[in-house]
S.K.: 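Okay, here's the structure, questions in a sec.
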Protein chains: 2
Amino acid sequence: MERIVIVEDDVFLREELQNILEKEGYSVECISSFDTPVKDIISASPSLILLDLNLPNLSGFDICRALKTKGIGPILVLTSRNQLSDELHALDLGADDYLTKPCHPKRLIARVQKLLHLYKNMHVLLDAGDFQIDELANILYVGKDSISLSENEGIIIKALVKASPSVVKKEELFHLLWGSSDYVDENILQVNMTRLRKTLDGVGLSNRIKTIRGVGYQLIGDDSL
Amino acid sequence: MERIVIVEDDVFLREELQNILEKEGYSVECISSFDTPVKDIISASPSLILLDLNLPNLSGFDICRALKTKGIGPILVLTSRNQLSDELHALDLGADDYLTKPCHPKRLIARVQKLLHLYKNMHVLLDAGDFQIDELANILYVGKDSISLSENEGIIIKALVKASPSVVKKEELFHLLWGSSDYVDENILQVNMTRLRKTLDGVGLSNRIKTIRGVGYQLIGDDSL
DNA sequence: ACTAACCTTACAACAACTGTAAGTGTTAAT
DNA sequence: ATTAACACTTACAGTTGTTGTAAGGTTAGT
């Protein structure tokens, strides 16, 4: 069963929303104290967050930003702010949809259903700009192409993408790949880097890994060459 | 570069939309003859479809339904119909968003960007109800778990899910797996079914494949037992 | 009870992945 | 220019997962 978290300080509206959603069969949890809303939302393991913008302590915008940073979603903003600039700001921060009050229950339900269905039937990829990585499957998508990476290749490229544009130190890669940098021959990392570079070369992503001697490796863009 | 296909019969509006989107850097293609709109849209390989509802020949609803059937998307409906029932109908047919005319260009751009970004960084899963399958990666997601399938396991379960609740004939599986049912020993399918059942069993999806003797196999739900 | 259809299990071959080892190439400091 | 340090490349052998084959066991229909 999917759990919807309602983040709304107006008690009357909060209960009305809860009724509407529970009547549709959803499990609902309401955030009713606003000391640590982000933490409370995350603790509730939401399938979807229904978020107001005018809240005590922390604005809905800040909550939206914080949740997106942690990969928590989807977020449907339901607010009395009907200015276009507010909508654009919320969408930019990562809100998945933006509805204004008053909102017909049927529209709300339809939008909630749409987002729940979408997120359930999609798998998030790690975005590297001009390519994407399926973190679980170790598949790299570039343009219309895709290529399967080995376990080690996947671990390395993910670390490089997530750290980009920073350098990933050799020690960190040792740790990610082999649990420690003690008792590990440096040569195995070098062999793995060669293998990853060769794989990337095969899909047109040549020279995208830069060696920082004595430090580690860095993912670079096309335009750094 | 992402290509947006505009499906709008009003010439003035069509060109205005094209200008707005091209100014944002998108490649735009307009459907300007409405004899075979679905075929034309698909031929254009769209990253996103901007779809009007009031069209000659075939209504936008029908086009939406046809595109979703073929897995083409995302679809952003932009229409003068501002009745709630129209919105609900379109969303139900699979539209990803619904905007009414007149629409501020900034809102349109924000919504377009949101959908393009979402679909680029997500990978669509094949929905089987209580589990989902990543078709390219051959990964099965059930609840919070996931399991990697072998190539053959993936081919079989995908066929079963797509045909469900119908039976998939043995001949069809022979064809999908080995290109033909000629010169193929029946035992290899049986061994593969055993392996798939064993894999499903490992993630709690036991007894979900029913044998139809002399015919083929069928995916069944939890409640068919 | 009989038998065709199907399931299960074990084995061997193959491909991909991985770590090791050695030779080669590059870089930076002197 | 020299050379030590660092990094890259290549080949090999061992491991693992996948796959088809073969044989014994089970099931369902007559």
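Reminder, nothing fancy here: chain letters follow the sequence lines and each chain counts from 1.
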S.K.: What's A:S150 touching, base or sugar-phosphate or nothing? Going by heavy atoms closer than 4.0 Å.
M.R.: sugar-phosphate
S.K.: Is the distance from OP1 or OP2 of D:dC8 to the nearest side-chain N or O of A:T211 less than 4.0 Å?
M.R.: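 For D:dC8, OP1/OP2 do have a side-chain N/O of A:T211 under 4.0 Å.
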S.K.: For B:R197 and D:dT27, give me the distance from atom CZ to atom P, rounded to whole Å.
M.R.: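 After rounding, the gap between these two atoms is 13 Å.
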S.K.: Examine C:dC7: is either OP1 or OP2 under 4.0 Å from a nitrogen or oxygen in the side chain of B:K198? Give yes or no.
M.R.: no
S.K.: Report the distance from atom CD of A:E153 to atom P of C:dA16, rounded to the nearest whole Å.
M.R.: 13 Å
S.K.: Below 4.0 angstrom from OP1 or OP2 of D:dT10, is there any side-chain N or O of A:T194?
M.R.: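 Looking at the OP1 and OP2 atoms of D:dT10, neither is under 4.0 Å from any side-chain N or O of A:T194.
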S.K.: Picking from A:I155, A:T199, A:I156, what satisfies side chain to side chain contact (heavy atoms under 4.5 Å, CB included) with A:L149?
M.R.: A:T199
S.K.: Starting at CD1 of A:I156 and ending at C1' of D:dC8, how long is that distance when rounded to a whole Å?
M.R.: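 Spelled out: CD1 on A:I156 to C1' on D:dC8 is 14 Å.
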S.K.: Give a yes or no on this: more than 12 heavy atoms of other residues, nucleotides or ligands lie within 6.0 Å of atom NZ of B:K120.
M.R.: yes
S.K.: Just compare C:dG19, C:dC7, D:dG20 and give me whichever is closest to any side-chain atom of B:N187.
M.R.: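 Comparing C:dG19, C:dC7, D:dG20 against the side chain of B:N187, the answer is C:dC7.
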S.K.: Does the distance from a Lys or Arg side-chain N to an Asp or Glu carboxylate O, for A:D134 and A:K158, drop under 4.0 Å?
M.R.: no
S.K.: Would A:K68 and A:D96 satisfy salt bridge (Lys or Arg N to Asp or Glu O under 4.0 Å), going step by step from the backbone distance to the final call?
M.R.: CA-CA 10 Å; A:K68 275 304 175 184; A:D96 293 275; 3.3 Å; yes
S.K.: Is there a salt bridge (Lys or Arg N to Asp or Glu O under 4.0 Å) between A:D92 and A:R65 once you walk through the steps?
M.R.: CA-CA 9 Å; A:D92 196 46; A:R65 183 194 291 112; over 6 Å; no
S.K.: What I want to check is whether an N or O donor and acceptor connect the side chain of A:R213 with the base of D:dA7 at under 3.5 Å.
M.R.: no
S.K.: Rounding to a whole Å, what distance do you find between A:L177:CG and C:dC17:C1'?
M.R.: 13 Å
S.K.: Need one value for A:I212: base, sugar-phosphate or nothing, where a base atom within 4.0 Å counts as base even if backbone is also close, heavy atoms only.
M.R.: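 Sugar-phosphate, no base atom in range.
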S.K.: Would you indicate which nucleotide in D:dC8, D:dT19, C:dA10 comes nearest to any side-chain atom of B:N152?
M.R.: D:dT19
S.K.: Could you give the CD-to-P distance, from A:E151 to C:dC17, as a whole number of Å?
M.R.: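 Spelled out: CD on A:E151 to P on C:dC17 is 11 Å.
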S.K.: OP1 or OP2 of D:dG20 sitting under 4.0 Å from any side-chain N/O of B:W178?
M.R.: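 Indeed, a polar side-chain atom of B:W178 lies that close.
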S.K.: Of the listed nucleotides (C:dC7, D:dG20, D:dC8), which one gets closest to any side-chain atom of A:Q190?
M.R.: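 Among C:dC7, D:dG20, D:dC8, the one nearest the side chain of A:Q190 is D:dC8.
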S.K.: Report the distance from atom CG of B:N138 to atom C1' of D:dG17, rounded to the nearest whole Å.
M.R.: 14 Å
S.K.: Give a yes or no on whether a salt bridge exists between B:R107 and A:E87, defined as a side-chain N under 4.0 angstrom from a carboxylate O.
M.R.: yes
S.K.: Given atom CE of A:M193 and atom P of C:dG19, what is their separation to the nearest angstrom?
M.R.: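 In whole Å, C:dG19 P and A:M193 CE are 14 Å from each other.
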S.K.: Of A:N192 and B:L189, whose nearest nucleotide on DNA chain C comes first from the 5' end?
M.R.: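 Nearest-nucleotide comparison on DNA chain C picks B:L189.
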S.K.: Would you kindly give the CG-to-C1' distance between B:N207 and C:dC6, to the nearest whole Å?
M.R.: 16 Å
S.K.: Looking only at side-chain N and O atoms, does B:Y217 come under 4.0 Å of OP1 or OP2 in C:dC7?
M.R.: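 Yes.
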S.K.: Just call it for B:R195: base, sugar-phosphate, or nothing, with non-hydrogen atoms closer than 4.0 Å on any strand.
M.R.: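 Answer is base: heavy atoms of B:R195 come under 4.0 Å of a base.
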S.K.: Which listed nucleotide (C:dT9, D:dG20, D:dT9) is nearest to the side chain of B:V191?
M.R.: C:dT9
